[in-house]
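This is a predicted model, so every value here is computed, not measured. Positions are given from 1, in the same order as the sequence printed here.
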Amino acid sequence: MTVTRTETLPVRSGDDVVRVRQRVRALAVEIGLGLVDQTKIITAASELARNTLDYGGGGDVLLETLQAGIRKGLRLTFEDQGPGIADIAQAMTDHYTSGGGLGLGLGGAKRLSNEFHIESTPGSGTRVTIARWK
């Protein structure tokens, strides 16, 4: 697999969440994802950017376009230095929330992605990586 483009965006405000969605859409279109796949990756990115802001206190997202043979993909890595997640298994359960949300963000993002990986250390932050392939 080859990374064909890399860029990093800040996630420090609601406006940044909007910018992340817009950039993910542009990259998804650029690599040729169909409308359904575009919608899935944009929705997952929006959820994870919002989590990065609301629960992680802000952070960054690394956007990468990928090439694996004839396949093209988009990988997004959201990282914050927030309080972390004490129990990832519980956090992945639908309707669990540590705040006032609906508790669908992490599990929903996983269902909307072809690949999903989460790492978190209490007191050190969280990193969530998702990918969608054409």
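Within the 4.5 Å cutoff, the side chain of Asn51 has heavy atoms near those of the Leu106 side chain. At least one side-chain heavy atom of Leu74 sits under 4.5 Å from a side-chain heavy atom of Ile31. Side-chain contact between Phe78 and Glu47: absent, with no pair of heavy atoms (C-beta onward) separated by less than 4.5 Å. No side-chain heavy atom of Thr77 sits less than 4.5 Å from a side-chain heavy atom of Val61. Put simply, the side chain of Leu76 does not reach to within 4.5 Å of the side chain of Leu48, judged on heavy atoms. Residues Ile85 and Ile118 form a side-chain contact, since some pair of their non-hydrogen atoms from C-beta on lies under 4.5 Å apart.
Side-chain atoms of Ser46 do not come within 3.5 Å of backbone N or O of Ile42 as any donor-acceptor pair. Judged by distance alone, with hydrogens and angles left aside, the side-chain atoms of Arg12 form a donor-acceptor pair with the main-chain N or O of Gly59 at under 3.5 Å. A distance-only check finds no donor-acceptor pair linking the side chain of Glu79 to the backbone of Gln81 [under 3.5 Å]. Not a single donor-acceptor pair under 3.5 Å links the side chain of Gln67 to the backbone N or O of Thr2.
In this structure, the side-chain contact (heavy atoms from CB on, under 4.5 Å) partners of Thr121, at least two apart in sequence or on a different chain, are Ser124. Take Arg50 and apply the side-chain hydrogen bond (donor to acceptor under 3.5 Å, both in side chains) test, not counting sequence neighbours, and it matches no residue. Taking Thr8 as the reference, nothing meets the side-chain hydrogen bond (donor to acceptor under 3.5 Å, both in side chains) condition, with sequence neighbours excluded.
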### Task
Tell me, with the steps shown, if Leu63 and Thr6 meet side chain to side chain contact (heavy atoms under 4.5 Å, CB included).
CA-CA 6 Å; Leu63 301 93; Thr6 300; over 6 Å; no
#### Entry: Test side chain to side chain contact (heavy atoms under 4.5 Å, CB included) applied to Leu27 and Glu7, step by step
CA-CA 11 Å; Leu27 291 172; Glu7 60 187 89; 4.3 Å; yes
### Message
Is there a side chain to side chain contact (heavy atoms under 4.5 Å, CB included) between Thr52 and Thr126? Walk through the geometry before answering.
### Response
CA-CA 8 Å; Thr52 299; Thr126 301; over 6 Å; no
### Task
With side chain to side chain contact (heavy atoms under 4.5 Å, CB included) as the test, would you mind laying out the steps for Leu35 and Gln38 before giving the verdict?
CA-CA 5 Å; Leu35 185 57; Gln38 289 175 37; 4.2 Å; yes
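Among all heavy-atom pairs drawn from Ile130 and Ala44, the shortest one is CD1-CB, 3.7 Å. Listed here is the closest heavy atom pair of Gly125 and Ser120: O-OG, 3.2 Å. The shortest non-hydrogen separation linking Ala49 to Val20 is CB-CG1, 4.3 Å. Scanning all heavy atoms of the two residues, the minimum distance from Ala86 to Pro122 falls at CA-CG, 3.8 Å.
For the salt bridge (charged side-chain N to carboxylate O under 4.0 Å, His left out) condition, the pairs that include at least one residue of residues 66-75, sequence neighbours left out, are Glu64-Arg75. The side chain to side chain donor-acceptor pair (under 3.5 Å) pairs that include a residue from residues 28-37 are Arg5-Glu30, Asp37-Arg132, where partners are two or more places apart or lie in different chains.
Atom CZ of Arg25 has 12 or fewer neighbouring heavy atoms from other residues, nucleotides or ligands inside a 6.0 Å radius.
Here the straight-line distance linking atom CD of Glu115 with atom OG1 of Thr129 works out to 9.5 Å at 0.5 Å rounding.
By the 4.5 Å side-chain criterion applied to Ile, Leu, Val, Met, Phe, Trp and Tyr, Trp133 is assigned to a cluster that also includes Met1, Val3, Leu66.
The cluster map of Ile, Leu, Val, Met, Phe, Trp and Tyr, joined by side-chain heavy atoms under 4.5 Å apart, puts Ile88 and Phe116 in the same cluster. Put simply, Leu53 and Leu62 are part of two different groups of oily side chains (I, L, V, M, F, W, Y) that touch within less than 4.5 Å, one to the next.
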